[in-house]
Amino acid sequence: QVQLVESGGGLVQAGASLRLSCAASGPSFSSYAVGWFRQAPGKERELVAATSRSGAIIYYADSVKGRFTISRDKAKTTVYLQMNSLKPEDTAVYYCAARASLAGPREPYDYWGQGTQVTVSE
């Protein structure tokens with residue numbers, strides 16, 4: 001059983017940066033693909049970034065390309081989402097999730113964290 005805990009959210013002004021962390025516990029987390037999702041009020045949850053087990057394959061939603069970077073630490077126990085040039089439309093609850101292998105953005109993930117709030121003001 002993989003357990004995920006997100007941290008790093010907060011309230012920032014437009015143009016600022018934040019780095020979210022997803023700390024994992026449980027066996028073989030390094031063998032899981034990890035995605036960062038977000039859900040804004042009244043909107044569907046969307047996958048914004050994902051990394052394969054090795055980190056060799058990366059996915060970004062068009063809305064965050066060039067601004068967000070997903071990475072894993074060498075021990076592969078933590079996955080980060082570096083968010084630069086934040087915009088008010090990035091405001092959402094951000095979740096990390098894990099699945100056995102990287103798949104399309106609408107495929108289900110098996111394990112989820114509790115989420116962290118990111119709020120970007122004008």
Trainee: Which heavy atom of Pro105 sits nearest a heavy atom of Tyr59, and at what distance?
Mentor: CB-OH, 3.8 Å

Trainee: I'd like to know if Asp62 pairs up with Lys65 as an ion pair, taking the criterion as any Lys NZ or Arg NE/NH1/NH2 lying under 4.0 Å from an Asp or Glu carboxylate oxygen.
Mentor: yes

Trainee: I'd like to know if the side chain of Ser21 reaches the main chain of Ala23, judged simply by a donor and an acceptor atom lying under 3.5 Å from each other, with no hydrogens or angles considered.
Mentor: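 Such a contact is absent between Ser21 side chain and Ala23 backbone.
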
Trainee: Do Val120 and Gln13 touch side chain to side chain, with heavy atoms closer than 4.5 Å?
Mentor: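 The answer is no; the side chains never approach within 4.5 Å.
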
Trainee: Are Trp36 and Phe68 an aromatic pair, judged by ring center distance below 6.0 Å?
Mentor: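 No.
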
Trainee: Check whether NZ of the Lys or CZ of the Arg Arg38 lies under 6.0 Å from the centre of the six-membered ring of Tyr94 and within 45 degrees of that ring's axis.
Mentor: no

Trainee: What's the verdict on side chain to side chain contact (heavy atoms under 4.5 Å, CB included) for Glu46 and Ser63, showing C-alpha distance, side-chain angles and the deciding distance?
Mentor: CA-CA 11 Å; Glu46 64 169 334; Ser63 57; 4.3 Å; yes

Trainee: Just how far is it from atom CG of Leu18 to atom CG of Leu11, taken to the nearest 0.5 Å?
Mentor: 9.0 Å

Trainee: Nearest 0.5 Å please: distance from the CD atom of Glu44 over to the CZ atom of Arg106.
Mentor: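 Spacing of CD (Glu44) from CZ (Arg106) equals 6.0 Å.
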
Trainee: Could you state the interatomic distance from OG (Ser52) to CD1 (Ile58), rounded to the nearest 0.5 Å?
Mentor: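 Ser52 OG to Ile58 CD1: 6.0 Å, rounded to 0.5 Å.
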
Trainee: Any side-chain heavy-atom pair from Arg72 and Thr51 closer than 4.5 angstrom?
Mentor: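 They are in side-chain contact.
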
Trainee: Does a side-chain heavy-atom distance below 4.5 Å link Arg53 with Val34?
Mentor: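 They are not in side-chain contact.
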
Trainee: Heavy atoms only: give me the nearest Ala50-Tyr109 pair and the separation to one decimal.
Mentor: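 Closest approach of Ala50 to Tyr109, heavy atoms only: CB-OH, 3.8 Å.
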
Trainee: Could you tell me which non-hydrogen atom of Ser17 sits nearest to which non-hydrogen atom of Asn84, and how far apart they are?
Mentor: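 Scanning both residues completely, I find the closest heavy atoms to be OG-OD1, 2.9 Å.
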
Trainee: Say you draw a straight line from CZ of Arg19 to CG of Leu81; how long is it, rounded to the nearest 0.5 Å?
Mentor: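 It is 10.5 Å, given to the nearest 0.5 Å.
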
Trainee: Return the minimal non-hydrogen interatomic distance between Ala33 and Leu102, and the atom names on each side.
Mentor: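 Closest approach of Ala33 to Leu102, heavy atoms only: CB-N, 3.4 Å.
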
Trainee: Give the C-alpha distance, both sets of side-chain angles, the deciding distance and a yes or no for side chain to side chain contact (heavy atoms under 4.5 Å, CB included) between Val48 and Phe37.
Mentor: CA-CA 5 Å; Val48 296; Phe37 291 77; over 6 Å; no

Trainee: Does Gln82 offer a backbone N or O that forms a donor-acceptor pair with the side chain of Thr69 under 3.5 Å?
Mentor: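 Flag not set: sc Thr69 to bb Gln82 has no pair under 3.5 Å.
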
Trainee: Mind checking whether Tyr111 and Tyr32 have parallel, tilted or perpendicular rings, split at 30° and 60°?
Mentor: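 Rings of Tyr111 and Tyr32: perpendicular, as their planes differ by over 60°.
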
Trainee: Would a 4.5 Å heavy-atom cut-off, applied to side chains only, mark Thr91 and Val118 as touching?
Mentor: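 No, side chains not in contact.
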
Trainee: Measure the shortest side-chain to side-chain distance between Val79 and Phe29 over non-hydrogen atoms and say whether it is less than 4.5 angstrom.
Mentor: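 The answer is yes, as the side chains (C-beta and beyond) meet within the 4.5 Å cut-off.
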
Trainee: Looking at Gln3, I want to see if its CD is surrounded by more than 12 non-hydrogen atoms of other residues, nucleotides or ligands under 6.0 Å.
Mentor: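 For Gln3, atom CD is not crowded (no more than 12 foreign heavy atoms under 6.0 Å).
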
Trainee: Minimum heavy-atom separation for Ser101 to Arg99, with atom names?
Mentor: O-NE, 2.5 Å

Trainee: Under a 4.5 Å cut-off applied to non-hydrogen side-chain atoms, are Leu4 and Gln114 in contact?
Mentor: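 Result no, sub-4.5 Å side-chain heavy-atom pair not found.
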
Trainee: Verify, without hydrogens or angle tests, whether Glu6 (side chain) and Leu20 (backbone) share a donor-acceptor contact under 3.5 angstrom.
Mentor: no

Trainee: If you compare all heavy atoms of Glu122 against all heavy atoms of Ala14, which two are closest, and at what distance to 0.1 Å?
Mentor: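 That would be C-CB, 4.3 Å.
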
Trainee: About how many Å separate OH of Tyr95 and CH2 of Trp112, when rounded to the nearest 0.5 Å?
Mentor: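 Here the rounded value is 8.5 Å.
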
